[in-house]
Asks: 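If you scroll down you'll find the structure; I have some questions about it.
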Amino acid sequence: MNLGNCPRCGRLYAINIREVCTNCIKEIELEYQTCVDYLRENKGANIQELSDATEISIKQITKFIREGRISIENAPNMMYPCEVCGTLIREGHMCDSCRSRLTKDLAGAAREVGQKENNNIGGRTYNAVDKLRDS
């Protein structure tokens, strides 16, 4: 049996699929039910209102949304923060601005690596040719 410390409360527990101890699993389920109950009564609520009213962290509510447990499809005001800059979004992990910046940075890094590899290959080719001439 693998043991670990619960990342939520710090208690020792037998590692399971949820990666938190059984007490925290129960607390999370109660938090989820509290969120669902509040949203049933307040369909136009946003994430900040939900968090303030239920005293459940925005991080935990965001986790419920990403897990698909809380649907934002019929909740036009419900958005969660971008993981990079914190801008409110309705899908994915990053806002469009952060996603395009990341894409641009990755493309630039790929070009740099490609240029370095081309330079290295060219250098090796000339070395091999030079060695053949010397023989």
Side-chain angles (χ1 to χ4, degrees):
M1 174 179 357
N2 292 332
L3 298 176
N5 287 66
C6 177
R8 190 172 156 113
C9 70
R11 292 186 207 130
L12 191 64
Y13 78 108
I15 294 176
N16 56 42
I17 243 173
R18 298 283 300 269
E19 297 179 351
V20 293
C21 69
T22 54
N23 290 339
C24 286
I25 289 173
K26 290 175 188 172
E27 287 176 19
I28 290 169
E29 291 307 313
L30 285 173
E31 289 175 355
Y32 167 71
Q33 194 57 51
T34 302
C35 286
V36 169
D37 292 343
Y38 183 83
L39 288 172
R40 278 191 189 123
E41 295 174 16
N42 304 281
K43 294 186 188 290
N46 65 35
I47 197 164
Q48 188 64 53
E49 293 168 351
L50 177 59
S51 178
D52 292 344
T54 60
E55 297 182 354
I56 297 168
S57 71
I58 289 177
K59 183 178 178 182
Q60 184 60 54
I61 295 168
T62 301
K63 191 171 182 182
F64 291 144
I65 293 169
R66 287 208 177 107
E67 290 172 347
R69 297 180 75 188
I70 292 179
S71 172
I72 61 173
E73 190 172 304
N74 295 321
N77 298 330
M78 186 63 69
M79 297 189 281
Y80 54 91
C82 165
E83 288 183 1
V84 179
C85 69
T87 300
L88 294 177
I89 57 176
R90 289 189 54 84
E91 62 184 4
H93 294 273
M94 284 186 267
C95 65
D96 291 337
S97 174
C98 290
R99 188 177 305 113
S100 64
R101 187 173 51 240
L102 178 64
T103 302
K104 195 181 309 176
D105 291 348
L106 286 172
R111 273 193 304 276
E112 283 181 28
V113 168
Q115 288 173 350
K116 286 180 183 178
E117 287 179 358
N118 286 340
N119 291 340
N120 290 341
I121 291 171
R124 287 188 215 133
T125 304
Y126 292 122
N127 289 339
V129 171
D130 290 341
K131 287 180 183 178
L132 290 174
R133 283 187 195 165
D134 293 338
S135 299

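This structure is a prediction, so every number in the text was calculated from the model and none was measured.
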Asks: What pairs with Asn77 under side chain to side chain donor-acceptor pair (under 3.5 Å), at least two apart in sequence or on another chain?
Replies: none

Asks: What is the distance from atom CD1 of Ile56 to atom CD1 of Ile61, rounded to the nearest 0.5 Å?
Replies: 6.0 Å

Asks: For Glu73, does the CD atom sit with more than 12 other heavy atoms under 6.0 Å from it, leaving out its own atoms?
Replies: no

Asks: I'd like to know if the side chain of Thr34 reaches the main chain of Leu30, judged simply by a donor and an acceptor atom lying under 3.5 Å from each other, with no hydrogens or angles considered.
Replies: yes

Asks: Check side chain to side chain donor-acceptor pair (under 3.5 Å) between Arg11 and all other residues, then give those that pass, not counting sequence neighbours.
Replies: none

Asks: Could you give all pairs that pass the side chain to side chain donor-acceptor pair (under 3.5 Å) test and reach residues 98-109, with sequence neighbours left out?
Replies: Asp96-Arg99

Asks: Look only at the side chain of Asn46 and the backbone of Leu50, and say whether a donor-acceptor pair between them is shorter than 3.5 Å.
Replies: no

Asks: Restricting to side-chain contact (heavy atoms from CB on, under 4.5 Å), what partner residues turn up for Ile17, sequence neighbours left out?
Replies: none

Asks: Could you go through the salt bridge (Lys or Arg N to Asp or Glu O under 4.0 Å) check for Lys63 and Glu19 one step at a time?
Replies: CA-CA 14 Å; Lys63 191 171 182 182; Glu19 297 179 351; over 6 Å; no

Asks: Of all residues at least two apart in sequence or in a different chain, which pass the side-chain contact (heavy atoms from CB on, under 4.5 Å) check with Met79?
Replies: Leu88, Arg90

Asks: Can you name the side chain to side chain donor-acceptor pair (under 3.5 Å) partners of Arg18, sequence neighbours left out?
Replies: Glu29

Asks: State, yes or no, whether a side-chain contact exists between Cys9 and Cys21 at a heavy-atom distance under 4.5 Å.
Replies: yes

Asks: Tyr32: what forms a ring-ring contact (aromatic ring centres under 6.0 Å, His included) with it, not counting sequence neighbours?
Replies: Phe64

Asks: Going by the ring pair (Phe, Tyr, Trp, His ring centres under 6.0 Å) test, which pairs reach into residues 70-102, not counting sequence neighbours?
Replies: none

Asks: What's the separation between atom CE in Met78 and atom OG1 in Thr62, rounded to the nearest 0.5 Å?
Replies: 9.5 Å

Asks: Looking at residues at least two apart in the chain, or sitting in another chain, which of them share a side-chain contact (heavy atoms from CB on, under 4.5 Å) with Asn42?
Replies: Tyr38, Ala45

Asks: Determine the sole option in Lys26, Arg8, Arg69 for which the salt bridge (charged side-chain N to carboxylate O under 4.0 Å, His left out) test with Glu31 is passed.
Replies: Arg8

Asks: Name all residues meeting the salt bridge (charged side-chain N to carboxylate O under 4.0 Å, His left out) criterion together with Glu83; count only those two or more places apart in sequence or in a different chain, and write none if there are none.
Replies: Arg66

Asks: Look at the side-chain heavy atoms of Ile, Leu, Val, Met, Phe, Trp and Tyr, link any pair under 4.5 Å apart, and say whether Ile15 and Val20 land in one connected group.
Replies: no

Asks: Under a single-linkage definition using a 4.5 Å side-chain heavy-atom cutoff for Ile, Leu, Val, Met, Phe, Trp and Tyr, are Ile58 and Ile28 assigned to the same hydrophobic cluster?
Replies: yes

Asks: Could you tell me whether the side chains of Gln48 and Asp52 share a donor-acceptor contact shorter than 3.5 Å?
Replies: yes

Asks: Out of curiosity, Leu39 CG to Glu49 CD, how far, rounded to the nearest 0.5 Å?
Replies: 10.0 Å

Asks: Restricting to side-chain contact (heavy atoms from CB on, under 4.5 Å), what partner residues turn up for Gln33, sequence neighbours left out?
Replies: Val36, Asp37, Arg40

Asks: Side chain to side chain contact (heavy atoms under 4.5 Å, CB included) for Cys85 and Ser97? Distances and angles first, verdict last.
Replies: CA-CA 9 Å; Cys85 69; Ser97 174; over 6 Å; no

Asks: Mind checking who shares a hydrophobic cluster with Leu106, ILVMFWY linked at side-chain heavy-atom distances under 4.5 Å?
Replies: Val84, Met94, Leu102

Asks: About how many Å separate CD1 of Ile72 and CD1 of Ile47, when rounded to the nearest 0.5 Å?
Replies: 8.5 Å

